Structure formats: structure tokens, C-alpha cells
S.K.: 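Before we start, here is the structure in question, set down as C-alpha cells.
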Amino acid sequence: MKYFKPKSLTEALDLLSDEKTRFEILAGGTDLIVQWRSSPIKPNGMIDINQVEELKNIVETDEYIEIGALCTHRMIAQSKIVQIHLTPLSDACRSVGAIQIQNRGTIGGNIANASPAGDLPPALVVYNCELELSSIYGRRWLRLRDFFLDYRKIDKAPEEMITRFRIPLPIEYTDVKFYKIGTRKAQAVSKAAICFGATLRLSSGQAHEKIIEKISIAAASMGPTVVTASKTEGLLTENEIDEDLIRDAGRSLANEFHPIDDIRSTAKYRSTVCGNLLVRFLKNL
Amino acid sequence: MLYVGQEVRRGDGVEKVNGSAKFIDDYKIPDMWHGVVVRSTSPSGRVIGFDFDSSFDWSKVVVATASDIPGKNAVSMIEDDLPLLADPVFKHVGEGLLLIAAPTRELAQKAKSSVKVRFEEFKPTLTIEDSKKKKWVLSHHEINKGDLKKGFKEADRIIEREYSVGHQEHIYVETQGAIAIPRDDGVMEIIGSLQCPFYVSNALKEIFNWPENRFSVRQSIIGGAFGGKEDYPSIICGYAALLAYKCKHPVKIIYDRTEDIISTTKRHPAIIKYKTGVDKNGLISALDITLEMDGGAYLTLSPVVLSRAAIHAPGPYRIPNVSVDATTFATNTPPNGAFRGFGAPQAIFALESNMDEVAFEMGISPDEFRRKNALIIGDTTSTGQRLKESIAVLDVLEEAMSSSQFVNKYSDDSKWKKESSKMRGIGFSLFFHGGGFTGSGEEKLKSRAGIRIEDDGGITILSAQTEMGQGSHTVFSQIVAHTLHIPIDHVHVCVPDTAVVPNSGPTVASRSTMVVGKVLLDAALRLKGEIDRFAAGKFSARLSDLEWRGGRLFVCGDEKSSFRELSSQYMKEKGVTDFIEQYILPEGHHWDDEKYCGDAYPAYSWGCYVAELEVDKDTLEINLLDLHLVQDVGTVVNPVLARGQVEGGAVQGLGWALLEDFKMKDGKVLTDRLQKYIVPTSLDVPRLNVKFVEHPYSKGPYGAKGLGELPLDGIAPAIANAVFNACGIRIRDLPIRPEKLL
Amino acid sequence: MIERIIFINGQEKRVSGEPEVRLLDLLREGMGLTGTKEGCGEGECGACSILINSEVVNSCLFLLGQLNDGDRVETIEGLEKDGRLSVLQDCFVKRGAIQCGFCTPGMIMAAEALLRKNKKPSPEEVRESIAGNICRCTGYSKIVEAILEAADRR
């Protein structure tokens with residue numbers, strides 16, 4: 001097997017640019033190595049990017065928080081920057097596998113793997129995360145929600161590599177919450193994982209009713225890839241929170257996704273729980 | 001030297017924490033080859049032939065098929081219906097068809113992927129329902145007591161319910177494995193991760209048509225078994241031995257996790273119907289139980305699993321009129337076999353769910369209903385066994401009720417329920433587990449075990465009982481050292497090896513401490529008597545002048561000698577080294593195999609388990625808060641090890657109750673990896689409050705009874721009852737997944 | 001073939017092999033360090049847990065190629081000092097936190113990683129730190145007690 005271990009991003013991108021050395025990128029390996037073992041076809045080579053140090057930073061600027069693609073779940077979960085600004089992302093990282101997996105698995109790998117049950121995409125999508133794809137021809141940024149095309153299909157050219165994630169600041173939402181319903185309490189693949197983000201304002205009238213100015217909903221294990229809920233978001237936006245609205249929104253969300261029955265759960269359960277969790281989220285606003 | 005009842009550290013502790021303990025895959029033997037198994041991929045069919053890819057160099061490997069088997073192509077257990085290699089008909093996915101040995105694992109794997117099996121498929125029978133239509137009965141038992149018709153006539157209410165449970169996979173963390181070594185002296189030596197070395201040698205005898213003394217089967221250190229390494233190792237050892245015989249190299253076979261899950265035995269799925277008659281006073285007047293189990297493709301141990309299920313199904317209650325109609329059906333799925341509890345957990349889930357349902361329907365509190373019907377001394381069980389001693393049903397019940405404050409929490413408006421935003425519930429189960437083999441099993445087996453004096457006067461314990469984590473070897477050492485009044489480090493337990501130890505039977509059925517421990521006690525007592533008389537003679541003293549302290553002998557207060565010295569001298573003078581005893585069932589023990597009645601077990605252990613939990617209103621997730629685990633296992637020989645058995649068994653039980661959803665489709669296992677078959681992690685376990693109420697059993701060693709299986713029996717119904725108490729939904733099929741609470 | 005110079009249980013070692021060789025196999029077969037166990041081969045059971053630069057990882061999901069020169073690899077065999085059990089190991093024996101012993105090496109390595117970072121973990125933190133290590137025998141309670149006692153004694 002050919003095994004490349006580039007020491008810089010340029011070197012890695014060079015390898016990817018040439019079809020002869022364009023092998024699968026190995027980051028933490030926690031998904032890939034399992035897939036290779038269970039597949040009859042073994043790869044001819046790998047590009048192990050673990051020594052590309054420039055992709056291992058978490059930085060905060062005035063405009064965004066930037067997370068390098070090689071940051072592990074553990075690094076993100078323990079980052080003060082993430083804990084302060086993006087608590088739900090920290091929660092999501094802590095819910096990935098167990099510590100052994102969190103120590104190795106990376107955010108770039110998690111996103112590139114494009115599992116419909118991925119724990120990170122719901123929170124990242126709610127935070128309007130963008131990701132950077134790099135190749136020797138240059139770099140491009142696109143919204144994470146546009147990156148996922150369909151079941152395990154991503155908008156990435158063969159010579160491209162995920163290099164960075166950016167979450168715009170200030171955070172648009174006053175309240176963000178991540179819920180994961182797993183098959184057990186730890187080290188579980190989700191039956192449903194959902195993130196809600198909302199911004200409230202008080203009505204100008206005497207009653208000071210709470211009005212939802214903005215809301216964002218994204219969920220995993222509820223479709224072929226991370227899914228959003230524009231219908232329910234529309235129903236809630238610029239509306240006053242009252243019991244009727246909460247009830248209607250819960251029902252709306254329970255009908256908006258089209259999950260499947262599989263080994264972990266049922267479509268009915270998944271939909272019902274997502275609706276219920278929205279109700280819980282709204283009640284606590 | 002008092003050891004019984006003490007927290008003696010386990011003898012194998014150090015080697016297990018420093019990494020030096022040798023499990024089967026840790027053995028490296030010179031010139032050892034690696035074996036792999038080509039398996040059926042369809043649940044029912046006939047092999048037409050094998051295609052060997054010509055691009056692979058087959059001269060580098062050795063292939064074995066059924067035609068290479070020197071003796072019978074059968075793995076002897078209760079019957080000989082299970083072939084070592086299916087030929088040509090196969091009956092489940094994952095059945096071994098052909099074996100390959102190669103100098104390396106990689107080459108063996110490569111060879112395996114270069115074989116194609118040509119086969120024709122038959123229409124499979126996959127469910128109990130379908131099997132019933134075809135009358136594919138594997139075994140059948142009936143228990144009858146009293147007059148059922150009369151009982152139902154006397155009933156004020158008759159309540160009928162049906163319960164069901166699925167497979168449970170053992171998930172010992174160490175997968176199955178074995179090594180076969182063809183020795184120059186003609187002996188086939190087997191080392192394996194196995195519970196019952198004599199089961200393996202019995203099976204190999206038939207496969208090879210060799211006398212028993214041409215096999216030496218011994219256990220490696222075992223990475224968990226739970227019944228899963230009771231019957232199955234005969235198969236994997238058979239594979240390794242056949243390959244070793246053919247390739248003339250030692251052969252190691254280690255299953256990977258998926259291979260282990262899809263091909264080895266599991267807990268029997270079951271459908272259990274209860275028709276319960278209760279009179280005006282809340283007394284059970286009649287109980288009619290129909291128990292149907294899925295045995296899988298071959299008989300294995302199904303008849304005995306079924307028997308234990310049937311006997312445990314009426315539970316620890318005084319019921320004048322009982323009928324249990326129990327049947328195991330065959331299906332085209334992997335054979336089911338032994339798993340901790342051995343049929344009892346299935347029956348007790350149904351029983352204790354049913355008792356709660358009946359109490360609820362009658363408007364009687366669940367604890368009061370149990371109190372009215374619980375067995376007491378002098379009562380007879382459903383098999384007609386009159387209970388004479390060590391009966392703790394009511395004691396465990398009362399202890400569990402008070403330590404969990406059940407009554408305060410149970411009612412819908414309890415303070416405990418109101419202080420949570422979630423739906424809280426509490427529920428319990430009351431149950432028993434018979435120790436040792438069922439009925440005449442121990443009588444037929446005639447277990448032999450004993451002790452040996454070594455040259456230096458040290459003592460070696462000789463038994464076939466395997467140490468698989470439960471602590472049997474530590475407990476045996478305690479019993480022997482305690483009896484002989486010697487330091488425990490003077491006692492060594494011989495690794496069970498069929499060529500060395502007497503046959504004290506398999507390490508199953510919660511029998512090691514109660515049955516084999518008793519045999520060892522008898523052996524130690526006999527040795528002690530001999531040494532006493534020997535010492536009395538030597539020092540011209542009366543027996544009553546002798547006093548033993550910490551292995552040292554005092555005569556009229558003066559230190560004269562030590563046990564070590566005296567036993568060494570005794571052995572040399574008398575030429576006697578071994579003290580072997582045989583298990584004898586208590587006097588008056590009687591079991592009628594024909595009528596299926598009598599003394600089902602020498603003694604019973606009793607348990608009352610309480611589950612406290614909350615159900616999330618939005619996600620319906622069940623969060624266990626507390627498990628109160630109260631039991632009587634007679635005298636507790638080692639409190640730490642005993643607590644370990646209870647906690648471990650309880651957690652396997654909660655896995656089965658809540659998480660472990662074994663799924664198959666078209667005869668293929670879907671949950672074939674640990675990512676899909678979900679077992680409890682450290683975070684899934686609530687507070688475990690373990691209590692022992694000790695009712696010593698006069699015929700057990702120092703009063704000890706069976707323990708290993710009991711803890712798995714009562715968890716699932718306690719949880720089901722607590723879920724009902726929390727949210728009013730009665731789940732009658734395991735596992736209790738949130739999806740079912742919708 | 002690739003080569004790396006690493007430290008295994010404190011000793012400098014030159015290791016070589018195909019890059020896709022699992023660290024688990026390198027340790028068990030190549031170096032005779034069989035204390036590290038394989039229970040599933042896919043990172044679900046934790047029996048193969050070892051430390052790399054004091055972080056706990058599954059050695060079944062770690063390839064030889066992923067090692068860097070200078071990496072410090074620690075296995076269960078490295079915890080004893082001068083033939084004496086470490087405090088953590090001793091607590092496992094003392095508290096009866098072992099039954100079959102197959103998960104024990106990985107469990108202890110996961111606990112060791114925790115205790116190096118967190119001197120006084122809460123019971124909840126202990127449970128979280130071993131949630132990737134499946135034990136089918138003990139029910140975990142005594143393992144948690146052993147780790148908490150080790151934290152006290154260290």
C-alpha cells in the first residue's frame with residue numbers, strides 16, 4: 001500500500017492533484033478504518049494528513065470562530081472558545097462515540113464521512129457554518145447545508161480537501177439547544193439528533209409578548225443527510241409564542257421530516273420525538 | 001483461619017491487571033497454523049459443491065470437509081443431530097461447511113475468500129408460528145399439579161395474557177476461540193475458552209472415534225462465558241482438532257465478533273401465555289401456562305433449557321392447580337443454547353409481569369398479592385416438591401419493600417413521583433432459581449472432585465469447574481482452606497484439564513459452589529480427619545487435645561507441627577495423595593422423569609428486585625434510577641465476589657430488558673456488530689443496592705446455595721412493572737424500547 | 001514498509017511494517033504485548049485501549065502509519081513499576097473490579113488517561129471516561145469504585 005504523510009497543506013493538496021497519488025484522505029480514521037475492514041476492496045493507498053499542523057487550530061476573530069478540519073472531537077469539546085460561544089457544538093462533540101473515538105475522530109472526517117446520523121451537522125447547520133474546500137487551484141467557501149447533497153453525497157471534487165470551518169459571529173441566536181436521542185446513554189449512534197436555534201424579541205405592546213424573530217432547525221438521522229425544517233421555521237418566524245403556536249409547531253415538525261424505520265428506531269418515533277423536543281425547546285424560551 | 005464469609009481477594013487478580021493473564025488468543029505455539037470456517041449464507045438449503053478459485057495457490061493451505069471426519073459427523077450433546085460440518089444439508093445461516101488452515105491468519109482469510117459455495121436453497125422456516133404449523137417439535141415437557149378445571153371454577157377472576165421475548169446474545173468480551181495441538185504421543189491436546197472441558201472431550205471422542213484418553217482438554221483463562229461457552233466450544237474445538245489432525249500442525253481458531261454473533265448460540269426467544277385464576281381472597285386458584293420456545297436449527301441443550309423454564313414458570317407461589325405445557329420448536333436460525341438463567345429469565349419475565357397485572361386487575365397492591373401467595377416452609381411447589389428449609393420468599397420481599405420504600409413511592413400521588421418532571425415509576429419482581437441440575441441431573445452426573453496433597457504438603461484442588469470470572473476458584477480455595485484451618489495460599493486450584501482432574505461436571509446451572517463446593521468440603525473434612533488421627537497418633541494425644549491455628553498444630557496448647565508438615569509426612573507414610581469425593585443428593589430427594597414431578601432442585605435461591613425509574617415525557621426514554629437487589633443465596637462465601645455476580649447479572653438483565661434488540665431478517669442477523677447490538681455501558685447503569693438475606697442451606701457447603709444465574713432472572717419484569725407504574729403502559733415483549741411507549 | 005522510532009512503555013523502539021498494520025497487531029504479534037485485547041475490531045468495546053502521548057485510543061483503529069516518530073505508546077504492561085502494581089491496578093484487585101479480566105487492561109488504560117488529566121474526578125466523570133469500555137461481567141459499579149479509590153490514593 002502507498003502511504004503518504006504530507007507535512008503541510010500544500011504537500012497534501014499536491015498529492016491530491018495528481019491522479020496517481022490521489023488516494024483517500026486519512027484523518028482520525030475512526031470511520032474509515034472500520035469501513036475498510038468490512039469492505040472486500042482494500043484501498044491502494046492513503047494520504048494521512050495527521051501532520052498537517054495548520055489544520056489543528058480553533059481561533060476566534062471579530063467575525064467568526066474558525067475550526068481547523070483536523071481538530072478532534074475532544075479538542076472541540078474542550079475548547080474554551082467553543083464552550084463559551086457554541087455550547088451545543090461542544091455537547092454534540094461529547095456525544096460522538098466514546099473518549100477513545102473523540103480523541104481520534106476529527107470534525108473534517110465527521111463531515112466528509114457524510115453519515116446521515118452524524119452528530120455534528122445539526123449544530124453546525126444551525127450556526128450557519130461554512131466550510132472551506134481547498135485544492136491546488138484555490139479555495140472556496142460554501143455553506144455546510146449546501147455541502148450535503150444527498151445520502152452520503154457531498155459537493156466536493158476529487159482533488160479537493162475540507163480544510164476549515166467557520167461559524168459567523170456574533171451568533172445569530174439567543175437560544176441554541178442540541179438534543180441527541182441515542183440507542184443508549186453513551187457511545188451511541190443517534191436515533192434522532194436535533195438542534196434548535198432561536199432569537200427572541202419582546203413585542204412593543206404593553207404585554208411584552210415573546211416573539212420569535214428567527215429560528216433555525218436542523219436534524220440528523222431524520223433523512224438521507226442533515227435536514228432542515230423550513231416549513232416549521234416559517235410557521236414560527238415573527239410569531240408570538242403562545243400555547244397554540246407551540247402545539248402547532250410541534251405538530252408541524254413531526255410531519256415535516258420523512259425519516260425511515262431502521263435497525264435503531266422507527267419513523268414514527270423519530271418524528272414524534274422531534275416534534276416533542278421542539279415543544280420542549282419553545283416552552284423553555 | 002476463617003475464610004468463609006470473608007472478602008478474600010481473587011487469586012487471579014494480579015495477572016489480570018498487569019496484562020500477563022493468558023487468554024486463548026495470547027497463546028503462541030511453534031508452527032501453529034490458523035483456521036477459518038466457510039459458512040452457509042442462506043438459512044436452509046443443500047450444498048452442491050465448492051468452487052476453489054484457481055488463481056489461489058491451494059498447496060499452501062489445508063482444506064477439511066465433512067468427509068475428513070474420522071468418526072461421526074456429529075457434535076454430541078443431548079443428541080447427535082448437530083453435524084460438525086453441514087453435509088450436504090444446512091439449516092441456518094452461519095453453519096460451518098468447510099474448514100481451512102493456513103500458516104498465517106491473512107492467508108487463511110484469503111483462502112476463505114477464494115472459495116465459493118454452490119448450493120440450492122429451500123424455503124426456510126423462521127418463526128415459532130411457522131414451525132408450529134410444520135410440527136417441528138424439538139422437545140416437550142408438561143407439568144401438572146392438582147385439578148386445573150376445578151381451580152378455574154373456584155376462581156373469581158380469570159386473566160389471560162401473552163408475553164414474548166427475543167434472542168439475547170452473550171457478548172462475552174472475548175470471542176470464542178480454541179487451539180488444537182496434535183501431540184507426538186498421539187494425544188490431541190485442546191486449549192480453549194470454554195466452560196466445560198468434559199463436554200468437549202465427549203464430543204471429540206465421537207468425532208474422531210478415539211478413546212477418551214487420547215484427548216486432553218483444558219481451559220485457558222476465559223474472557224467471559226455466561227453459558228455461551230457451555231455447549232458451543234465443542235464445535236469450535238472440533239473444527240480446530242479436525243484441521244490439526246489433517247494439517248499436522250497446532251491450529252488456532254479465533255472468531256471475529258461478527259462471526260461469533262451470527263453463528264454461536266443465544267438465549268431462546270419465547271412466547272409465553274398465562275391464564276391465571278384468582279379467588280375472592282386474592283389467592284391464586286389455578287395457573288395454566290403455555291410456553292413456546294424457539295430452539296433454532298438443532299436440539300443442543302433445548303430440552304433442559306425448556307425444562308428449567310417450565311419449572312420456574314409458576315414461580316415462588318403456592319398454587320394448588322397448575323399446568324405448564326412447554327414446547328421447543330425448530331427454526332432455520334442458529335441453534336439457541338445456554339445463557340445465564342437457562343430458560344428461567346424468559347419464564348420469570350412473563351410470570352412476574354403477569355402477577356403484577358393480576359394484582360392490578362384485582363385491585364390488590366402488588367406486594368400484598370405476593371404476600372398472600374408466596375411459598376412458605378411446608379408448601380409444595382408446582383412440581384410437588386415439599387419445601388423443608390432455607391425458604392426466604394417473604395424475607396427477601398419484605399427486605400426489598402422496606403429498603404426501596406416501595407409503598408411510599410408506588411401510589412400515583414406519592415411525593416416521590418411529584419418531585420420529578422418526568423414520569424416516575426417503581427416496580428418489582430419476586431422469583432426463585434433452583435441451584436444445580438434439574439431433577440435427577442445431579443444423580444446421573446455423580447460429580448467427582450477432590451483435593452490432593454502435594455510433596456511439600458500443599459493442597460491442590462482437583463475439579464473440572466472452570467474459572468470464568470465468577471470466582472469459583474477463589475471460593476473453592478476459601479472452602480478448603482477454611483475447613484483445613486490452613487492459610488489460603490497453601491491451596492492451589494489445578495487448571496481444569498480432562499487428562500488430570502476428575503469429572504465434577506460442567507460449570508453451569510449455578511452448581512459450582514453449592515454442588516462441587518460441597519464435594520470439596522467433604523473431601524477436605526475427610527483429609528482433616530485423617531490428619532487429625534495421624535497427628536494424634538504421632539504425638540500420643542487425644543483428638544480433643546488437638547487445636548489448629550493458621551495451619552499450625554497445637555497439642556494441649558504447645559505448638560507441635562504444621563498442617564503442611566503433617567500432610568506431607570502422612571502422604572509419604574500412607575502412600576495416599578488424593579481425596580476424591582462424589583456428590584450425593586440429599587436423602588429423600590426424589591424426581592420422577594416420567595411424570596415430571598418431585599424434587600426439581602436440591603435447594604432454591606430467592607430474590608426480590610425493585611426497579612425505580614423515570615420515563616421522559618417527550619422522548620419516552622427510560623432512565624433507571626435505582627435497582628434494589630435483595631436475595632438469599634444461603635451463606636455468602638465471599639461477599640465481594642457475590643456482589644460482583646449480582647451486579648453483573650443484573651446489568652445483563654437490564655441490557656436484555658431495555659437495550660438488546662437482537663434482529664434478524666430472512667434468517668440473517670442484522671445486529672451482527674457491537675455498533676448494532678447494543679449492550680449497557682457504564683453510563684446505562686443506575687445505582688445498584690445489593691443485599692443478601694442469608695438463610696443457610698444445611699446441605700450446602702457452610703450453608704451456601706446457587707448464585708450465578710439468579711441475578712438475571714428478575715430484572716426485566718421489575719423494569720416492566722415499573723414502566724407500567726410510571727406511565728400506565730404495559731409492555732409484554734422485550735426489550736422495552738421507547739418506540740413501544742408511543 | 002515504513003519505519004517509526006517510538007517509545008513503547010518508556011523504551012525507545014524502532015518499529016516497521018506495512019503502514020496499514022493495526023497498532024493492536026503490532027503490539028500483540030510484533031512485540032508480544034498481549035495484554036492489549038481485541039474484542040470487536042471496530043472501536044466499540046475498548047478492550048484494545050492504549051495510551052498514545054497520554055491520550056486513550058483504540059489500538060484496533062490506529063494504523064502503524066499514523067504513528068509519528070517520538071510518540072509515546074503505553075500499554076497495560078507498562079503500568080507496573082519494578083514489578084509492583086500501580087495504585088490503580090492494586091485498587092482494581094482490592095475492590096473486586098475484575099471478573100473475567102478481558103476488558104480489564106483496556107479499562108485500566110482508560111482510567112489511567114482520566115486520572116492523569118483529572119486528579120479528583122467525580123463518579124459521573126469516571127463513568128463517562130470508561131463509557132467506551134464494555135464490561136459484560138461486573139456491572140461497572142466496582143470498577144467505578146476502584147478508580148475513585150485510586151484517585152484518592154494517588
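Numbers restart at 1 for each chain; the letters A, B, ... are given by sequence-line order, proteins then strands. Bear in mind the structure is a predicted one, so any value in this text is a computation, not a measurement.
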S.K.: Considering residues, nucleotides and ligands other than E3(C), do more than 12 of their heavy atoms fall under 6.0 Å from its CD?
M.R.: yes
S.K.: Can you name the nearest heavy-atom pair linking Q89(C) to V17(B), along with the distance?
M.R.: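 Smallest interatomic distance, heavy atoms only, reads NE2-O, 2.8 Å.
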S.K.: Does a side-chain heavy-atom distance below 4.5 Å link R127(C) with T681(B)?
M.R.: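 Contact flag for R127(C)/T681(B) side chains = no.
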S.K.: Do D26(B) and R28(C) have side chains that get closer than 4.5 Å, going by heavy atoms?
M.R.: yes
S.K.: Need one label for K22(B): side chain, backbone, both or neither, based on atoms under 4.5 Å from any heavy atom in chain C.
M.R.: neither
S.K.: Below 4.5 Å, heavy-atom pairs only: which of I76(C), T104(C), I108(C) has the largest tally toward chain B?
M.R.: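 Greatest number of close heavy-atom pairs with chain B: I76(C).
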S.K.: Heavy-atom distances under 4.5 Å only: say whether E15(B) touches chain C with side chain, backbone, both or neither.
M.R.: neither
S.K.: Only pairs of heavy atoms separated by less than 4.5 Å count here; which of G139(C), P123(C), C100(C), A131(C) has the most with chain B?
M.R.: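 Option with the top pair count is C100(C).
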S.K.: Which atom names give the shortest non-hydrogen contact between C40(C) and L674(B), and what distance separates them?
M.R.: CB-CD1, 3.6 Å
S.K.: Run the salt bridge (charged side-chain N to carboxylate O under 4.0 Å, His left out) test on R673(B) and E44(C) for me, step by step, so that the C-alpha distance in whole Å, both residues' side-chain angles and the decisive distance to 0.1 Å come before the verdict.
M.R.: CA-CA 9 Å; R673(B) 297 160 50 187; E44(C) 291 285 329; 6.0 Å; no
S.K.: What I'd like to find out is whether the side chain of Q99(C) reaches to under 4.5 Å of the side chain of R10(B), using heavy atoms alone.
M.R.: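 Yes. Closest side-chain heavy atoms under 4.5 Å.
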S.K.: Taking every heavy-atom pair that is under 4.5 Å apart, which of A650(B), G655(B), G19(B) has the most such pairs with chain C?
M.R.: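 The residue among A650(B), G655(B), G19(B) with the greatest pair count is G19(B).
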S.K.: Quick one: what part of L79(C) sits under 4.5 Å from any heavy atom of chain B, side chain, backbone, both or neither?
M.R.: neither
S.K.: Regarding R105(B) and D25(C), does a basic nitrogen lie under 4.0 Å from an acidic carboxylate oxygen?
M.R.: no
S.K.: When you measure from the side chain of E77(C) to the backbone N and O of N18(B), does any donor-acceptor pair fall under 3.5 Å?
M.R.: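 Between the backbone of N18(B) and the side chain of E77(C) there is no qualifying donor-acceptor contact (under 3.5 Å).
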S.K.: Salt bridge or not for E145(C) and R643(B), using N-O below 4.0 Å?
M.R.: yes
S.K.: Could you state the interatomic distance from CD (E174(B)) to SG (C45(C)), rounded to the nearest 0.5 Å?
M.R.: 11.5 Å
S.K.: Give the member of L33(C), V93(C), V144(C) that has the highest number of heavy-atom pairs under 4.5 Å with chain B.
M.R.: V93(C)
S.K.: Quick check: closest heavy atoms across C137(C) and F226(B), and the distance to 0.1 Å?
M.R.: SG-CZ, 3.6 Å
S.K.: Side chain from CB out, backbone as N, CA, C, O: work out which of these in V646(B) comes under 4.5 Å of a heavy atom of chain C, or both, or neither.
M.R.: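 Answer is neither: V646(B) stays 4.5 Å or more from chain C.
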S.K.: Quick one: what part of E42(C) sits under 4.5 Å from any heavy atom of chain B, side chain, backbone, both or neither?
M.R.: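 Contact with chain B: side chain only.
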S.K.: With a 4.5 Å cut-off on side-chain heavy atoms, are V640(B) and K142(C) touching?
M.R.: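 With C-beta onward as the side chain, the pair touches.
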S.K.: Checking T264(B) now: which residues fulfil side-chain contact (heavy atoms from CB on, under 4.5 Å) with it, not counting sequence neighbours?
M.R.: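 T264(B) satisfies side-chain contact (heavy atoms from CB on, under 4.5 Å) with E169(B), Y172(B), Q176(B), Y232(B), Y255(B), D260(B), K266(B) only.
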S.K.: Any idea which heavy atoms bring T175(B) and G39(C) closest together, and the distance?
M.R.: CG2-O, 4.3 Å
S.K.: Walk me through it: do D25(B) and K37(C) pass the test salt bridge (charged side-chain N to carboxylate O under 4.0 Å, His left out)?
M.R.: CA-CA 9 Å; D25(B) 199 20; K37(C) 306 297 179 195; over 6 Å; no
S.K.: Shortest non-hydrogen contact from Y140(C) to V685(B)?
M.R.: CD1-CG2, 3.7 Å
S.K.: Look at E29(C), M107(C), K94(C), E124(C) and state which one has the largest set of heavy-atom pairs under 4.5 Å with chain B.
M.R.: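 Result: the option with the highest number of such pairs is K94(C).
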S.K.: Around atom NZ of K112(B), are there more than 12 heavy atoms from other residues, nucleotides or ligands closer than 6.0 Å?
M.R.: yes
S.K.: Are the side chain of R136(C) and the backbone of Q652(B) linked by a donor-acceptor contact shorter than 3.5 Å?
M.R.: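 Not a single qualifying donor-acceptor pair exists.
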S.K.: Find out whether E647(B) and S141(C) are in side-chain contact, i.e. whether some heavy atom of one side chain is under 4.5 Å from a heavy atom of the other.
M.R.: yes
